[in-house]
Amino acid sequence: MKTTLVLLKRELNGYFATPVAYVFIFFYLIAMSLLPFYLGGFYEREQADLQPFFAFHPWLYLFLIPAISMRLWAEERKSGTIELLMTLPVSMAQTVLGKFLAAWMFAGIALVLTFPIWLTVNYLGQPDNGVIAASYIGSFLLAGGYLAVGSFLSALTKNQVIAFVLTFVVGLVLVLAGTPAVLEPLAGAVPSSVLDAVRSFSFLSQMNTITSGVIDVRALTFFGSLIGGSLLANAIVLDLKKAD
Amino acid sequence: MIAIQDLCKDFGPLRAVDRISFEVKKGEVLGFLGPNGAGKSTTMKMLTGFLTPTSGRASICGHDVATAPLEAKRQLGYLPEGAPAYGDMTPAAFLDFIADIRGLAGATKAERIAKVVKQVHLEAVLHQRIETLSKGFKRRVGLAQAILHDPQVLVLDEPTDGLDPNQKHEVRTLIQEMAPGKAIVLSTHILEEVEAVCTRAIIIASGRVLFDGTPQELAARGPLDTVFRKITTSGSATNQS
C-alpha cells in the first residue's frame, strides 16, 4: 500500500513537473465550459440542470483521456526507466495500480476544477444537486474506465503517438456502441440479448443512465470490471514484454 | 552471493546467452568483458530479474530471482545500461523517490542520501532536472540510485561509460572502497578497468564464457587488447572454462 502511494506520488508529480499539465487543464476547462453554452444550448433550454455539460463528457474524453494515459507506459519504455522500475523491489500490481491511480487522480483534479459551471447553474436556478453529484461521480468513473483501457494500450508500445491513437480508436468504439449508428444496423441481425450486451458496453448508455441521477449496481459493476480487466491485461502485457 | 546456473536466453532464432554459469562471492569484483552484442547486458538483465531467462536460474543472496523476486531485488543495487532515470525529476527528488521505494525513512534516509550524494559528487546539480544534466552526471545519478540502500549485491552495466578520466578514476576508487562488503558485477569495454578494479574477469562472446580467471592470469598471456582479440575472435569452441 505504502509503495503504491510512493509510486502514485511520483507519477502525479510527473504530470505537474512540466507545463503540459497546466496547458492540458487549461484547454480541458475551456472545452468543458464553452461546449455546453455554444453547442449544448445551456441557456436556451431554460432548465436549471447540467445535462448539456455532462452530455459532452464522453466525447471530450475521447481526446483528453488518451492525452493523459499515453505517457503512462510508453514513456517508461522509451526512456528505459521501465528497467529501473522493474528491478526495484515493487510488485507488478503495485506499479500498475500506482500509475493508474495517479492518472485517475489527475483526471479527477481537472474534473473538480469545472466547479464554476455548477456554481453558475445554482446561481441561475434551483437544480437538483443530487443528480449533479451523481453525474460528477459518473463522469469520474467513466474517466477511470477509459484511463485503465488507455494505460493498457500504452503498455503495448514505446511510442506515445501510437498509444494516443490506439486509445482514441478503442474509445470511439466504446462510445459509439450505444448510438443508433451501431445499434440500428444490428437490430435486425442479432438477438436482442446481444443487442443489450452491446448497448451495455457503451460509454454513452452508461453515462445516460448516470446523468439521469441513477448510479446503480450495473454501472458500478461495468466500470469496476472495465478497470479491473484492463489493469490485469496491462500487468500481463508488461510481464510478457518488459524489455521490448 | 550471486549464483548463475546454465543461464540461456533466446531472442527468436538467436541464442543471445548460451549456458552461462558463474558465482560471485562477497568481496569479489567481477569484470564482465566482451565485444558489443556478446550477451553481457542480457545476462545482467536476467540476473536482476528484468528479463526472464529461456532456461537456467539466477539467484541473489540465496533468493531465486524468478520465484522470490522481491526478496532478491531488496538485496540488489542495479545500474542498468545507459543509466535510465526520470528526466523530469531533480537528482534530489529522484533519490528521495528511490529511498521511499527502498523503505528508507527518517534520519537513516537523510543520512544515506547525503552520503551517496557526497560519494558520487552530485552536490552541484542536486536541484537541476536530470534531463538537463551531462552524460557523466546522469551516470552518477544512476550510480547513486544503485548504492543508495547499501546493497549486498551490486550489478553495474558500464558504470564508467561517458565519464571523463578523472571521473572514471573516482568511480573506480568508489567501487574498490565498497568491494570488501559486497559482491559486485560490472561490465565494461575498457580492459584497463578490469586490471584496476576487478578481482576476477569473465570474457564472453556470442553468449558463451570464453575466459574465467583473475586479471593477472589474463595479463600473463600478453598485452590485454591482443589477448582479448585473440579470445573473442578465435571462435566459440575453445577454452571454455
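Here is the naming used below: chain letters follow the sequence lines, and residue numbers restart at 1 for every chain.
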Take Tyr86(B) and Glu75(A), measure what side chain to side chain contact (heavy atoms under 4.5 Å, CB included) needs, and give me the verdict at the end. CA-CA 10 Å; Tyr86(B) 293 104; Glu75(A) 192 170 273; 6.0 Å; no

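Across every non-hydrogen atom of Arg74(B) and Pro89(A), the tightest pair is CG-CB, 3.6 Å.
Other residues, nucleotides and ligands contribute at most 12 non-hydrogen atoms within 6.0 Å of the CE atom of Met105(A). Around the CD atom of Glu23(B), the shell of radius 6.0 Å holds no more than 12 heavy atoms that belong to other residues, nucleotides or ligands. Residue-environment remark: CZ (Phe26(A)) stays at or below the threshold of 12 foreign heavy atoms within 6.0 Å. The number of heavy-atom neighbours closer than 6.0 Å to NZ of Lys109(B), taken from other residues, nucleotides and ligands shown, is above 12.
Of all the listed residues (Asp239(A), Thr87(A), Val90(A)), the one sharing the greatest number of non-hydrogen pairs under 4.5 Å with chain B is Thr87(A). With chain A as the partner, the residue from Ala146(B), Pro84(B), Ala85(B) showing the most heavy-atom pairs under 4.5 Å is Pro84(B).
A distance of 14.0 Å separates NZ of Lys241(A) from OG1 of Thr52(B), quoted to the nearest 0.5 Å. Between atom OG1 of residue Thr3(A) and atom CZ of residue Arg102(B) there is a gap of 11.5 Å, rounded to the nearest 0.5 Å. Going from atom CG of Asp100(B) over to atom CZ of Arg10(A) covers 12.5 Å, rounded to the nearest 0.5 Å. Remark: Gln94(A) CD to Ile101(B) CD1 distance equals 8.0 Å, nearest 0.5 Å. Once rounded to the nearest 0.5 Å, the distance linking CE of Met44(B) with CD of Glu83(A) reads 10.5 Å.
Looking at Ile98(B), only its side chain comes within 4.5 Å of chain A, counting heavy atoms on both sides. At a 4.5 Å heavy-atom cutoff, Leu5(A) makes no contact with chain B through either its backbone or its side chain. Only the side chain of Gln145(B) comes within contact range of chain A, with at least one heavy atom under 4.5 Å from a heavy atom of that chain.
Phe97(B) has its side chain out of reach of Asn13(A): every pair of non-hydrogen atoms, C-beta onward, lies at least 4.5 Å apart. You'll find the side chain of Tyr78(B) stays beyond 4.5 Å of the side chain of Leu88(A), heavy atoms only. With contacts defined as side-chain heavy-atom distances shorter than 4.5 Å, the pair Phe50(B)/Leu84(A) does not qualify.
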